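Written below as structure tokens is the structure these notes are about.
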Amino acid sequence: MKLNNEEINRYSRHLTLPEVGMAGQLEIKESRVLMIGAGGLGSPLGMYLGAVGVGKIGLVDFDVVDHTNLHRQIAHTTADEGRPKVESLRDTILAGNPNIEVEIHNTRLERDNVLDLFSQYDIIADGSDNFETRYLINDAAFFSKKPLVSASIFRFQGQITIFSPETGGPCYRCLYSEPPPAALVPS
Amino acid sequence: MLPGVVGLIQATEIIKLILEGGAPLIGRLLLYDAMKMNFKEVRVRKDPECALCGEHPSVTELIDYKAFCDVPLPGAELPEEIDEAEFELSPREFKDAMDQDPSAVLVDVRETFEWDICRIDGAQLMPLSSFDPTTTGLDPEARIYLYCYKGKRSMLALKELKRAGFNKLKNLSGGIYLWAEEVDSDMPQY
Amino acid sequence: MGVVIEIPSALKQYVNNQDEVEVQGNSVEEAFDSLCKDFAELKPNLFDENGKVRNFINVYLNDDDIRYADGMNSSVQDGDCIQIVPSVAGGR
């Protein structure tokens with residue numbers, strides 16, 4: 001794989017950083033990241049991963065853009081209301097960087113599609129919004145031996161970590177063995 | 001704005017994993033508090049007794065996550081199967097039933113900050129977060145109409161009340177969100 | 001000076017909306033006893049019927065999980081910080 005001249009120019013401030021350089025930029029271009037959630041966390045995550053040149057970004061979400069999303073889900077604009085979030089986020093990412101591939105999965109992540117999806121990517125990013133999906137993602141990432149970069153938010157607090165049992169690190173169940181009672185989870 | 005900060009940290013960690021550079025956030029949980037504007041870090045260890053990645057795993061394939069996450073409230077007995085549909089009323093049916101029933105008791109189980117945005121006239125606030133079916137002060141013989149934002153939390157409260165011996169219960173299907181659409185067009189949706 | 005217990009957003013409503021509460025005690029258990037004496041509603045939200053910290057809540061003494069020290073018996077000193085961190089799932 002090589003960078004074309006437009007890409008060399010685009011990523012030049014990366015290429016001149018010793019920590020990235022040409023080899024690093026090619027690693028970024030060859031990488032495949034699957035994002036679950038195209039909302040509050042997914043918006044900035046997808047926009048930045050795209051801008052820095054991650055070669056393939058997968059987006060999983062089944063929701064559509066709602067008026068109440070706009071004040072924080074910054075990849076979606078007023079004109080996107082009613083559109084599937086994965087389409088809206090894909091368009092925003094590609095407008096920022098047309099050199100990459102964005103594959104959209106306008107579907108709910110389920111037990112019967114998760115392993116097949118994970119097999120097509122190198123890194124999984126969890127920006128989902130419910131416990132069922134978070135435990136599904138954790139278990140599927142473990143069985144797929146893929147690192148899981150996990151972030152969750154509640155009101156004014158956020159939690160971020162990487163689960164990578166495949167390299168000896170903990171998984172989500174090591175951190176929290178069970179979810180809270182359903183009645184305590186804000187809907 | 002909070003998701004912006006958190007999503008960008010997630011992006012940073014992904015690029016570091018790709019570049020195999022720096023100190024990745026493995027075995028560390030980063031806690032961000034926007035109000036205090038601080039970051040804290042706590043250690044996350046691999047649990048040898050973890051059901052998935054521990055020494056004697058009990059989860060060896062994908063499971064039923066809906067069932068796994070259906071954890072009952074502290075002290076609650078195992079939830080008996082009830083037919084939710086039996087208790088659901090559409091916003092219009094809910095309003096008509098209450099209008100015909102002057103002794104009806106209307107209970108809002110949302111949180112205080114939601115109550116402050118909008119509410120249905122005549123309701124009493126009993127937030128689900130501190131809901132205790134044994135100390136509501138409600139008469140178990142009264143007809144009780146419950147609502148929340150979209151109907152899910154009020155159904156949980158309804159089940160709690162049913163277990164505590166209440167029998168005349170109704171739930172606003174679709175919650176105050178749908179009520180604003182179908183009954184009270186002056187009410188804001190949030 | 002005592003031990004500071006940091007309260008997460010999700011539980012602040014049980015402690016008069018405070019971010020942190022300073023208590024006295026020589027162990028994590030004593031610190032929590034002191035906290036729950038002042039704020040009784042907090043107790044069932046932190047502990048199960050057997051007095052064990054609920055599975056979706058972690059308690060850290062300074063920066064390590066008390067599960068890997070002496071649990072509730074872990075000793076604390078003036079100036080220590082106990083952090084309560086519940087599982088949260090939001091992404092939107």
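Excluded from the calculations below are hydrogen atoms, water molecules and symmetry mates; all remaining heavy atoms, backbone and side chain alike, are included. As the structure is a computational prediction, the values presented were derived from the model and not from experiment. First the proteins, then the strands, lettered A, B, ... as listed; each starts at 1.
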Counting only heavy atoms closer than 4.5 Å, note whether I74(A) contacts chain B via side chain, backbone, both or neither.
-> neither
Given side chains that start at C-beta, do those of L30(B) and Q159(A) come closer than 4.5 Å, heavy atoms only?
-> no
Part of E27(A) within contact of chain B (heavy atom distance under 4.5 Å) = both
Do R173(A)'s NZ or CZ and the ring of F68(B) fall within the cation-pi criteria of under 6.0 Å and 45°?
-> yes
Kindly say whether D126(A) contributes a backbone atom to a donor-acceptor pair with the side chain of Q10(B) at under 3.5 angstrom?
-> yes
Turns out that what part of N130(A) lies under 4.5 Å from chain B's heavy atoms comes down to neither
Spatial distance of atom CG (L8(B)) from atom CG (L45(A)) [nearest 0.5 Å] = 8.5 Å
So, the part of F143(A) with a heavy atom under 4.5 Å from chain B: the answer is side chain
Which portion of L128(B) sits near chain A, non-hydrogen atoms under 4.5 angstrom = side chain
Between R28(B), K16(B), E13(B), which is the residue that forms a side-chain contact (heavy atoms from CB on, under 4.5 Å) with I162(A)?
-> E13(B)
S31(A) side chain to I18(B) main-chain N or O, any donor-acceptor pair under 3.5 Å?
-> no
Counting only heavy atoms closer than 4.5 Å, note whether P165(A) contacts chain B via side chain, backbone, both or neither.
-> both
So L31(B) and I160(A), side-chain contact (heavy atoms from CB on, under 4.5 Å) or not? Walk me through it.
-> CA-CA 7 Å; L31(B) 305 167; I160(A) 314 114; over 6 Å; no
